[in-house]
Amino acid sequence: MLDPRLIRAEPEAVRRALGRRGKAGGAEGVSEILELDAARREAIAEGDGLRARRNEVSRKVGELKRGGVDAEELIVEMREVGARIAELEADTQSCDARIEEILLSTPNLPLDEVPEGGEGANELVRSWGDPITHPFPARPHWELGAELSLLDLPRGAKVSGSGFPVLRGAGARLQRILIDWMLDLHVREHGYEELRVPYLVTRETLTGTGQLPKFAEESYFSERDDLWLIPTAEVPVTNLHRDELLAAEELPIRYTAYTPCFRREAGAAGKDTRGLLRVHQFDKVELVRFERPERSREALEELTAEAESILQRLGLAYRVIRLATGDLGFSAAMTYDIEVWAPGVERWLEVSSCSTFGDYQARRANLRFRPAPGEKPEFMHTLNGSALALPRLLVALLETFQREDGSVELPEVLRERFGADRLHR
RNA sequence: GGAGGGGUGGCAGAAUGGCUAAUGCACCGGUCUUGAAAACCGGCGUCCGAAAGGACUUGUGGGUUCGAAUCCCACCCCCUCCGCCA
């Protein structure tokens, strides 16, 4: 949520920043907010004046009654004042509701350094490792997965429909130890606290991080319980400290959590969805940080580096992309995508998205801290990033380390955990 | 699912229809002090307003009333017990 004061004080700057997102920015909402804000303040001013009078008169009525004096005239007058107050209150509330509605549907302001434009304006920031080309015909992961009995897509589709993969045998185990290994890395080397969190969350929780109200179509929903399946661990974890006021020394907070993620991917059917490339349910290890505002930009670099370190240790080639305004998520102020090279499908696959949200989510979820004893509470800054999403990591792993004989060699760092050097028939 | 109890500032905790929602702790500023502690004074939520000032704030939302933390209705959460259950 944007700061209404900022909109009031610098409407042009806000319009310009939203305008950089193109049509999706909703810059036209700024004018309506300014009008509503003026109307709202007018109603509050009149209402407060009448309330002041009512309070004064009520006090007098109390005195008169205690003194046994009749106060009927004043009571009748206050009945009318009460009615007018109710009217003004309704006006104020309808302004508030509409302002809230617009703000909840207005995306975050991109940082100045975010390049303007659509997907084509995304910037390559750096790359690591060489995208491998096998000296033999490289095979896609769905072929390797089926032959090595790691993956059973047809049966997943039978049970739940397409986009619900089944991992089996060594495939299921490999995924499990990858999750375990990544969590341990974040806990032991990157200083994160591990969490296990709910997979079903309330409407309010989903609004706190920005998925609702605008992206209801993207989430699975259990109507009878009014609960939503999480699209990412970001949702329950970021909302963990909702409506709390933390002391300054509690920051920064760093959480890592493994969860399954559920996404309807409405409208994505048929495109780039083969195998594990785009599925409705997948596993992911997430990093979430709560930072003091002045540290958030630097923290984004740290968090991105933490996600990258996983690919480095596995020996997978990747590149880091700075998303342009048109590609930037709704709540994000700036995002780095990390894309891993998958030689079987011959494509770069997004395995992580690392973002800073500034105070946008903190405002929506009311995440505050007191900078110093005696000072006023401030909104903290939130960040998060995948580290990493499992399906595409598995894709890159299988396709990168496949051998001509159809087996897959495991990266050094996983061998001891896995208890073998390679996957074969 | 059923019965009962509860929800008041950062924390503890009083107030059962009316007079500024007490008081204590914590915290911030000041006085005093060589410095600190203690003591004393003031401050310590949100909104509107240039300011003076005013309004709002007792889990949430409604209602009754001139006036609600207090009475009524609905909902949420916590605790205790019962039932069911991996």
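Every chain is numbered from 1, with letters handed out A, B, ... down the list of sequences.
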For atom CG of A/Asp3 and atom P of B/U46, their distance in whole Å: 14 Å
A/Phe418 six-ring centre to A/Arg173 NZ/CZ under 6.0 Å and within 45° of normal: yes
Given B/C66, B/U46, B/G54, the nucleotide with the shortest approach to the side chain of A/Ala52: B/G54
Interatomic distance, A/Asp225 CG vs B/C76 C1' [rounded to whole Å]: 15 Å
Distance between P atoms of B/G43 and B/A22 (Å, rounded): 12 Å
Distance below 4.0 Å between A/Arg8 side-chain N/O and B/C48 OP1 or OP2: yes
Pairing partner of B/G67 (Watson-Crick or G-U wobble, both distances under 3.5 Å): none
Whole-Å distance separating the CG atom of A/Asn366 from the P atom of B/U46: 11 Å
Pair A/Phe369-A/His381, ring pair (Phe, Tyr, Trp, His ring centres under 6.0 Å): steps then yes or no: CA-CA 10 Å; A/Phe369 73 103; A/His381 281 194; 8.9 Å; no
RNA chain B: 5'-proximal contact among A/Gln93 and A/Leu245 (nearest heavy atom): A/Leu245
Gap between atoms CG and C1', on A/Asp243 and B/G9 respectively (whole Å): 15 Å
Complementary nucleotide for B/C40 - Watson-Crick or wobble, under 3.5 Å: B/G30
A/Glu204 versus A/Thr202, side-chain donor and acceptor atoms under 3.5 Å: no
Distance, rounded to the nearest Å, where A/Arg40 contributes CZ and B/A55 contributes P: 17 Å
Side-chain N or O of A/Arg51 closer than 4.0 Å to phosphate OP1/OP2 of B/G54: no
Residues A/Ser353 and A/Asp337: side-chain donor-acceptor under 3.5 angstrom: yes
Aromatic plane relationship, A/Phe262 with A/Tyr220 - under 30° parallel, 30 to 60° tilted, over 60° perpendicular: perpendicular
P spacing across the pair B/C79 / B/C28, given as an integer number of angstrom: 34 Å
Interatomic distance, A/Glu244 CD vs B/G45 C1' [rounded to whole Å]: 17 Å
Rounded C1' spacing from B/A26 to B/C11 in Å: 7 Å
Mutual orientation of the aromatic rings belonging to A/Phe164 and A/His280 [parallel < 30°, tilted 30-60°, perpendicular > 60°]: tilted
Paired nucleotide for B/C81 [Watson-Crick or G-U wobble; both distances under 3.5 Å]: B/G2
Below 4.0 Å: OP1/OP2 of B/C56 and any side-chain N or O of A/Asn55: yes
Sugar-phosphate, base or nothing in reach of A/Arg368, heavy atoms under 4.0 Å: nothing
Watson-Crick or G-U wobble partner of B/A55, both distances under 3.5 Å: B/U46
Nearest-angstrom distance, C1' atom, B/U16 to B/U58: 14 Å
Whole-Å distance separating the CD atom of A/Glu378 from the C1' atom of B/U46: 17 Å
N or O in side chain of A/Arg54 less than 4.0 angstrom from B/A55 OP1/OP2: no
Nucleotide nearest A/Pro377 when distance is taken to its side chain, options B/U46, B/G18, B/C47: B/U46
Reference residue A/Glu306; test salt bridge (Lys or Arg N to Asp or Glu O under 4.0 Å); the match among A/Arg313, A/Arg254, A/Arg289: A/Arg289
Nearest-nucleotide 5' precedence on RNA chain B, A/Arg53 against A/Val61: A/Arg53
Atom P, compared across B/G24 and B/A38: separation rounded to whole Å: 15 Å
Span that lies between the P atom of B/C73 and that of B/A3, in whole angstrom: 15 Å
Integer angstrom distance from the P of B/U65 to that of B/G10: 34 Å
Same-atom distance (P) from B/A12 to B/G61, integer angstrom: 22 Å
Which nucleotide in B/A55, B/G18, B/C48 has an atom nearest any side-chain atom of A/Ile44: B/C48
Interatomic distance, A/Glu77 CD vs B/G67 P [rounded to whole Å]: 13 Å
Options B/C66, B/C48, B/A55, nucleotide nearest the side-chain atoms of A/Ile75: B/C66
